[in-house]
Undergrad: 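Just dropping this structure here.
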Amino acid sequence: MDEESPSSRKSNEIEHRVYARVGLLGNPSDVYYGRTISFSLANFWATVKLQPSHHLIITPHPTHDLVQFSGLDHLVNRLQSEGYYGGVRLLMSICKVFYNYCNENNIELSKENFTLSYDTNIPRQTGLSGSSAIVCAALNCLLDFYKVRHLVKVEIRPDLILSAEKELGIIAGLQDRVAQVYGGLVYMDFNKDHMEKLGHGVYTPMDISLLPPLQLIYAENPSDSGKVHSTVRKRWLDGDEFIVSSMVEVADLALQGQTAILEKDYSKLADLMNRNFDLRRIMFGDDALGSLNIEMVEVARRVGAASKFTGSGGAVVVFCPDGPSQVKLLEDACKEAGFVIQPVKVVPSYLNEDDLKTLSS
């Protein structure tokens, strides 16, 4: 073939999809050396495409990285609904973190360049980890483009993703990134000794078929999920006895939840989910959680379902122990309250053979 055809150029394109995540139990104890159980949510995802190119180009998204407006009112309305930042900064940050990590670990990278672009349908500010999904998908593209997937351990990839977000002032924990790197259902132990000795937590994949049917509730115009941790974090660092003991109990819910899920003790799972939210509410207070977020939990509880935040607010995961009739009651209640409700779809683990070879035994 004399010149590269469009189809062969297309074959050089690398594309990765990473899904939203749901914190099922134990959050937010991941940032307090606790334990969590999370899973990848097939309902929503982010995709990143990498195409070899002469220059290194980060392509702005036509919607999420808008820089042209019809007028000042359009600009202001846009900022009020979407914030100042799209995904370009996320792609740039993970490129920097990846490059530095490879340099520090003597992983040689080729001098080739690429064009990165992204898309996402994860609803904003719903606590479903939309930002980290973009970063994780981009990291996967970089691992494949430079053919270094076998040199970057699966366990440390969540740390790279979190580092890229911390560069941008995003405050978060590891559990979202672990769920998105591994896929599927994962039990995570962030014990301080483990973290300091290994440089990461201990992550145990679980069989997704053990989960009962779950529902997802979210608001189309949620409150910002990024401001919830502030005062509790300071009190924890200051050794506040109530916060410290409460966070230990939150972490213990995940440990109990692992057993409940393995034994298919779903009534126990329902109790643990409710207790998780109750502890969060006591620690953070209603003002920090926001009335809209609390109402999403309450709308489920009023029909007898178990419910808790998927993350820091904006969306709620719900278990209806009484089955389809209770789900129907919940659907009707959500419609009346103006909330969106969907059946949860769980993604199986998407680690490939190269990934599995890097896992610690």
Side-chain angles (χ1 to χ4, degrees), residues 18-46 122 126-137 154-155 157-159 161-162 165 170-191 194-195 200-218 225 228-229 247 250-262 269 272-273 275-277 279-280 306-319 344-351:
V18 169
Y19 295 88
R21 79 88 194 87
V22 167
L24 183 61
L25 282 172
N27 57 311
S29 76
D30 56 314
V31 290
Y32 303 93
Y33 299 115
R35 308 179 194 89
T36 64
I37 298 175
S38 296
F39 61 81
S40 286
L41 179 71
N43 304 56
F44 303 109
W45 59 86
I122 301 174
T126 50
L128 294 172
S129 299
S131 293
S132 56
I134 294 170
V135 180
C136 185
V154 167
E155 287 102 333
R157 293 177 198 170
D159 296 82
I161 295 163
L162 187 59
E165 294 181 273
I170 296 171
I171 299 169
L174 275 170
Q175 71 151 340
D176 306 3
R177 290 91 200 144
V178 174
Q180 290 173 320
V181 165
Y182 281 70
L185 175 68
V186 188
Y187 170 76
M188 310 168 204
D189 188 337
F190 300 101
N191 176 278
H194 290 160
M195 297 287 285
H200 54 76
V202 178
Y203 311 134
T204 308
M206 299 176 68
D207 183 352
I208 63 171
S209 69
L210 294 170
L211 286 175
L214 299 168
Q215 308 298 316
L216 178 75
I217 297 174
Y218 64 97
S225 66
V228 175
H229 293 307
M247 208 59 78
V250 170
D252 190 55
L253 298 177
L255 182 61
Q256 295 180 60
Q258 183 189 35
T259 301
I261 291 168
L262 290 172
L269 178 63
L272 295 171
M273 289 173 65
R275 181 60 180 162
N276 200 153
F277 176 76
L279 282 167
R280 177 188 278 272
S307 57
K308 63 175 293 295
F309 288 173
T310 61
S312 299
V316 167
V317 59
V318 180
F319 171 46
V344 161
K345 301 172 191 171
V346 186
V347 184
S349 174
Y350 36 73
L351 297 179

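Just so we're clear, the structure is a prediction, and the values are computed from it rather than from any experiment.
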Undergrad: Using a 4.5 Å cut-off on heavy atoms from C-beta on, say whether the side chain of N27 contacts that of N276.
TA: yes
Undergrad: Please name the pair of heavy atoms, one in L269 and one in A260, separated by the smallest distance, quoted to 0.1 Å.
TA: N-CB, 4.3 Å
Undergrad: Measure across R280 and S312 and return the closest heavy-atom pair with its distance rounded to 0.1 Å.
TA: NH1-CA, 4.0 Å
Undergrad: Is a donor on one side and an acceptor on the other found under 3.5 Å between the side chain of D176 and the backbone of S129?
TA: no
Undergrad: Which pair of heavy atoms, one from G173 and one from V31, lies closest together, and at what distance?
TA: CA-CG1, 3.2 Å
Undergrad: Please lay out, stage by stage, how L128 and V22 fare under the test side-chain contact (heavy atoms from CB on, under 4.5 Å).
TA: CA-CA 6 Å; L128 294 172; V22 167; 4.3 Å; yes
Undergrad: Should V202 and Y187 count as side-chain neighbours, where that means a heavy-atom distance under 4.5 Å?
TA: no
Undergrad: Determine yes or no for a side-chain-to-main-chain donor-acceptor pair under 3.5 angstrom, with S40 supplying the side chain and A179 the backbone.
TA: yes
Undergrad: With distance as the sole test, does S349 use its side chain to make a donor-acceptor pair with the main-chain N or O of Y182 at under 3.5 Å?
TA: yes
Undergrad: Under 3.5 Å, is there a donor-acceptor pair between the side chain of S29 and the main chain of R35?
TA: yes
Undergrad: If you look at every heavy atom in K308 and G23, which pair is closest and at what distance?
TA: NZ-O, 2.8 Å
Undergrad: Is any side-chain heavy atom of T36 less than 4.5 Å from a side-chain heavy atom of V178?
TA: no
Undergrad: Between R275 and L253, is the side-chain contact (heavy atoms from CB on, under 4.5 Å) condition met? List the steps.
TA: CA-CA 8 Å; R275 181 60 180 162; L253 298 177; 4.0 Å; yes
Undergrad: Are any of the side-chain heavy atoms of K345 and F44 separated by less than 4.5 Å?
TA: no
Undergrad: Distance check, rounded to the nearest 0.5 Å: L41 atom CG versus I122 atom CD1?
TA: 8.5 Å
Undergrad: In terms of ring plane angle, is the pair Y350 and Y19 parallel, tilted or perpendicular, where the classes change at 30° and 60°?
TA: tilted
Undergrad: In Å, rounded to the nearest 0.5 Å, how long is the span from CG of L162 to CD of Q175?
TA: 11.5 Å
Undergrad: Starting from the C-alpha separation in whole Å, work towards a yes-or-no answer on side-chain contact (heavy atoms from CB on, under 4.5 Å) for L185 and D207.
TA: CA-CA 7 Å; L185 175 68; D207 183 352; over 6 Å; no
Undergrad: To the nearest 0.5 angstrom, please state how far the CZ atom of R177 sits from the OG atom of S131.
TA: 8.0 Å
Undergrad: If every non-hydrogen atom of I208 is compared with every non-hydrogen atom of V347, which pair is closest and at what distance?
TA: CG2-O, 4.1 Å
Undergrad: Check for a donor-acceptor pair, side chain of R21 on one end and backbone N or O of T310 on the other, with a separation under 3.5 Å.
TA: yes
Undergrad: Which heavy atom of M273 sits nearest to which heavy atom of A306, and what is that distance?
TA: CE-O, 4.0 Å
Undergrad: Is there side-chain contact between Q180 and I161, with at least one heavy-atom pair below 4.5 Å?
TA: no
Undergrad: Please round to the nearest 0.5 Å and tell me the distance separating atom CG of L174 and atom OG of S132.
TA: 10.5 Å
Undergrad: Can any side-chain N or O of D30 pair as donor or acceptor with the backbone N or O of F190 at less than 3.5 Å?
TA: no
Undergrad: If you measure from CZ on F319 to CG on L24, what distance do you get to the nearest 0.5 Å?
TA: 10.5 Å
Undergrad: Apply the test side-chain contact (heavy atoms from CB on, under 4.5 Å) to residues V135 and E165: give CA-CA distance (whole Å), side-chain angles for both, the deciding distance (0.1 Å), then the verdict.
TA: CA-CA 8 Å; V135 180; E165 294 181 273; 4.2 Å; yes
Undergrad: Is L255 close to D252 at the side-chain level, that is, under 4.5 Å between some pair of heavy atoms?
TA: yes
Undergrad: Can you find a pair of side-chain heavy atoms, one from F39 and one from V186, that are under 4.5 Å apart?
TA: no
